[in-house]
*Asks:* 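Once you've had a glance at the structure underneath, I'll fire off some questions.
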Amino acid sequence: MLHTLMESKDFLAFTLAQPSTDPVTSFSFELGQHTQVEVWDRGVIVFEPLESSGKDIVLSCAVHGNETAPIELCNTLINRLLSQEIQAKQRVMFLIANPEAIKLARRFVDENLNRLFNGGHAKGDKVNPERERAKKLEGYVARFYTQTLKGLRLDEKGKDESSRPRIHYDLHTAIRASKHEKFAIYPYSPNKAYSSEQIMFLAQSGIETILFHNEPTTTFSYFSAHHFEAHAFTIELGKVYPFGQNDMSRFSQLNARLIGLITAQDLPIPPLNMAEVNLYRVARSINKGFEDFQFSFDDNVENFTAFAKGQVLATEGGQNIVVEHEVETIVFPNAKVPVGQRTLLCLVPAQADKIE
C-alpha cells in the first residue's frame, strides 16, 4: 500500500481506490529524516515532524462528498508534503471524511454527516455508514489531540505542559451562491472569548465574514471546539461545483496561509480591524416542523440576503414564519431537510465585545 501511495502521491485517488468492505489497513513511514507519516484509515493521514514547532492542526474536507474544492485543496497540500516540496513543521492531520459520498458525487450516502458529531451518531436506533464514520472521526481527532505518534500521553484534558495550540479547519462549499463568497462559522463558546488572531488569520486568507453561533450543534467543528478547546471553524469556500470545475485560483490566499501554518512560516497577522471583517451572530435557527414547509423566496436567493422585520420567510402548518428583528440576514436555507432538522439560520450584526 505504501508503494501505491508514494508512486502517485495522490492520497485522494489512493483513498477512493480502497473498497469500503476491505479491512482497514494502517501503515507508517518516514519522509527523509524529518517527518513521520501514518495512515490510520481510509482518508486519514497524519504528518508528524520529528521537531514540531508546537501546533496541532486538523484539516478536514468531504464531510459532504460533493463539495469538491476543499477536497482538491487538501489533496494538493498532501501531495506537496509527500513529494517533499514543502516540509511540515507542525503536527497536521488531514481527514477526507466521507469517501463513499465522494464516489457517488452526493452530499451524503444515507444521512448528513455534519449532523452526527458530538454524539449525534449515537442518537436513535439508526445504523448507516455516516453514523459509523462520525464515531470513527471523533476518535481520530481525540487520538490526534491527545497522543503523539511517539505514544506520548497527555493529561485528561488533552493538554501537555506547553498547552499546544489546537486548530481545526473543517472545509466546505455551500449549496447556493453567497453575497459573501467565503465565510466561516465560529462554534458556540459561552465561556471563552473569540480569538482576534484566528479571525484575522481567516481574513488574511480571503475569508472576511464570520458567523458566531448561538448554541451547541452536532457539527464537526463544534466537536473539536467543545471537547478539545481547539480553534475550530466550519469554513465555506464558495459554491459547490463538480471535480474539475473549480477555479482553484480563488483559494490562493487560503492555500498560501495554510502552507505557512503547516511549515511554521506564517505571515504576520495584523491586529483586529473591524473595517476588514464582516461579523454576524446567529439570532435563531429555524427547524422544519412540518412536511409542507416552504420558503417564500426563490431557490436562487443567495446566502446573506437581508429581509426586513415582518417579512415572511417561510410557511408551514398553516403558519407564517416572519422576520423578528429590524433586519435578518439568512444563510443555509434548505427546505429539503427531514422534519426536525435545521432549515435556515437567521443572522444579525455582531459586535467585537467578546473578541480578544
*Asks:* Is any side-chain N of the basic residue among D41 and R133 closer than 4.0 Å to the acidic one's carboxylate O?
*Replies:*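 Salt bridge flag = yes for R133 with D41.
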
*Asks:* Tell me whether the centres of the aromatic rings in F94 and F11 are closer together than 6.0 Å.
*Replies:*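 So the answer is no for these two rings.
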
*Asks:* What I'd like to find out is whether the side chain of K179 reaches to under 4.5 Å of the side chain of T305, using heavy atoms alone.
*Replies:* yes

*Asks:* Could you tell me whether the side chains of D170 and S60 share a donor-acceptor contact shorter than 3.5 Å?
*Replies:*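 Per modelled atom types, D170 and S60 side chains form a pair under 3.5 Å.
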
*Asks:* Less than 4.5 Å apart, side chain to side chain, heavy atoms only: is that true for K89 and Q87?
*Replies:*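 In contact.
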
*Asks:* Do the charged groups of K182 and E208 touch, with an N to O distance under 4.0 Å?
*Replies:*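 No, no charged N to carboxylate O under 4.0 Å.
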
*Asks:* Do S196 and E356 have side-chain atoms, one donor and one acceptor, less than 3.5 Å apart?
*Replies:* no

*Asks:* Could you tell me whether R106 and E100 have a side-chain N and a carboxylate O separated by less than 4.0 Å?
*Replies:* no

*Asks:* Would you say CD of Q319 has more than 12 non-hydrogen atoms from neighbouring residues, nucleotides or ligands within 6.0 angstrom?
*Replies:*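 Counting other residues, nucleotides and ligands, CD of Q319 stays at 12 neighbours or fewer.
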
*Asks:* Could you check E130 against N112 for side chain to side chain donor-acceptor pair (under 3.5 Å), going step by step and ending with a plain yes or no?
*Replies:* CA-CA 7 Å; E130 272 85 13; N112 186 347; over 6 Å; no

*Asks:* Could you tell me whether the side chain of H213 reaches within less than 4.5 Å of the side chain of S189, counting heavy atoms only?
*Replies:* no

*Asks:* First locate atom OG1 of T4, then atom CE of M1, and finally report the distance between them rounded to the nearest 0.5 Å.
*Replies:* 7.5 Å

*Asks:* Using only heavy-atom distances, determine whether the side chains of T219 and T234 contain a donor-acceptor pair under 3.5 Å.
*Replies:*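 T234 and T219 do not have a side-chain donor-acceptor pair below 3.5 Å.
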
*Asks:* What do you reckon, is CD of E30 surrounded by more than 12 foreign heavy atoms closer than 6.0 Å?
*Replies:* yes

*Asks:* Check the surroundings of atom CG in N300: do more than 12 heavy atoms from other residues, nucleotides or ligands lie under 6.0 Å from it?
*Replies:*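 Atom CG in N300 is packed in, count exceeds 12.
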
*Asks:* Decide yes or no for L59 and I57: does some side-chain heavy atom of the first lie under 4.5 Å from some side-chain heavy atom of the second?
*Replies:* yes

*Asks:* With a 6.0 Å cut-off on ring centres, are H226 and Y188 close enough?
*Replies:*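 Not under 6.0 Å, so no.
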
*Asks:* Using a strict 4.0 Å threshold on nitrogen-to-oxygen distance, state whether R250 and E181 make a salt bridge.
*Replies:*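 A salt bridge links R250 with E181.
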
*Asks:* Taking the side chain as every heavy atom from C-beta outward, state whether S20 and R42 have any pair of such atoms under 4.5 Å apart.
*Replies:* yes

*Asks:* Please check if atom CD in Q351 has more than 12 non-hydrogen atoms from other residues, nucleotides or ligands closer than 6.0 Å.
*Replies:* no

*Asks:* Say you draw a straight line from CG of N255 to CE of M248; how long is it, rounded to the nearest 0.5 Å?
*Replies:*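 Going from the CG atom of N255 to the CE atom of M248 covers 7.5 Å.
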
*Asks:* For K354, does the NZ atom sit with more than 12 other heavy atoms under 6.0 Å from it, leaving out its own atoms?
*Replies:*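 More than 12 within 6.0 Å, yes.
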
*Asks:* Report, as yes or no, whether the 6.0 Å neighbourhood of atom NZ on K9 holds more than 12 heavy atoms from other residues, nucleotides or ligands.
*Replies:* yes

*Asks:* For a 4.5 angstrom cut-off between non-hydrogen side-chain atoms, does P333 reach N303?
*Replies:*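 Counting from C-beta outward, P333 and N303 do come under 4.5 Å.
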
*Asks:* H121 and F117: aromatic ring centres closer than 6.0 Å?
*Replies:* no

*Asks:* Kindly assign one of parallel, tilted or perpendicular to the pair H168 and F220, based on the angle between their ring planes and the thresholds 30° and 60°.
*Replies:* perpendicular

*Asks:* List the steps, then state whether salt bridge (charged side-chain N to carboxylate O under 4.0 Å, His left out) holds for R143 with E38.
*Replies:* CA-CA 13 Å; R143 174 180 169 187; E38 282 197 358; 3.7 Å; yes

*Asks:* Do F295 and T343 have side-chain heavy atoms sitting under 4.5 Å apart?
*Replies:*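 The answer is yes, as the side chains (C-beta and beyond) meet within the 4.5 Å cut-off.
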
*Asks:* What's the separation between atom NZ in K288 and atom NZ in K336, rounded to the nearest 0.5 Å?
*Replies:*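 One finds 10.0 Å between NZ of K288 and NZ of K336.
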
*Asks:* Please report the C-alpha distance between K192 and E229 in whole Å, then the side-chain angles of each, then the deciding distance to 0.1 Å, and finally whether the salt bridge (charged side-chain N to carboxylate O under 4.0 Å, His left out) criterion is met.
*Replies:* CA-CA 9 Å; K192 181 180 177 182; E229 298 184 3; 5.1 Å; no

*Asks:* A cation-pi test, strictly: NZ or CZ of R91 under 6.0 Å from the centre of the six-membered ring of F144 and no more than 45 degrees from its axis. Yes or no?
*Replies:*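 Judged by the rule (NZ or CZ under 6.0 Å from the ring centre, within 45° of its axis), R91 counts as positioned above F144.
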
*Asks:* Verify whether the ring centers belonging to H172 and H64 lie closer than 6.0 Å.
*Replies:* yes

*Asks:* Check step by step if side-chain contact (heavy atoms from CB on, under 4.5 Å) holds for L171 and V63.
*Replies:* CA-CA 8 Å; L171 306 177; V63 165; over 6 Å; no

*Asks:* With under 30° as parallel and over 60° as perpendicular, where do the rings of F14 and F27 fit, or are they tilted in between?
*Replies:* perpendicular

*Asks:* Would you indicate whether the side-chain heavy atoms of I167 and Q198 approach each other to under 4.5 Å?
*Replies:* yes

*Asks:* My understanding is that a hydrophobic cluster links ILVMFWY residues whose side chain heavy atoms are under 4.5 Å apart, including indirect links. Using that, what else belongs to the cluster containing Y280?
*Replies:* F183, I185, L211, V282, F304, V331, F332, L345, L347

*Asks:* Regarding E72 and N246, do their side chains bring together a donor and an acceptor under 3.5 Å, going by distance alone?
*Replies:* yes

*Asks:* At what distance, to the nearest 0.5 angstrom, does CG of L237 lie from OG1 of T173?
*Replies:* 7.5 Å

*Asks:* Give a yes or no on whether a salt bridge exists between R284 and E328, defined as a side-chain N under 4.0 angstrom from a carboxylate O.
*Replies:* yes

*Asks:* Can you pull out every ring pair (Phe, Tyr, Trp, His ring centres under 6.0 Å) where at least one residue sits in residues 337-356? Sequence neighbours excluded, please.
*Replies:* none

*Asks:* Hydrogens and angles aside, do D10 and N79 bring a side-chain donor and acceptor to less than 3.5 Å of each other?
*Replies:*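 Side-chain D/A pair, D10 to N79: absent.
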
*Asks:* Taking atom CD1 of I286 and atom CG of L344, what is their separation to the nearest 0.5 Å?
*Replies:* 4.5 Å

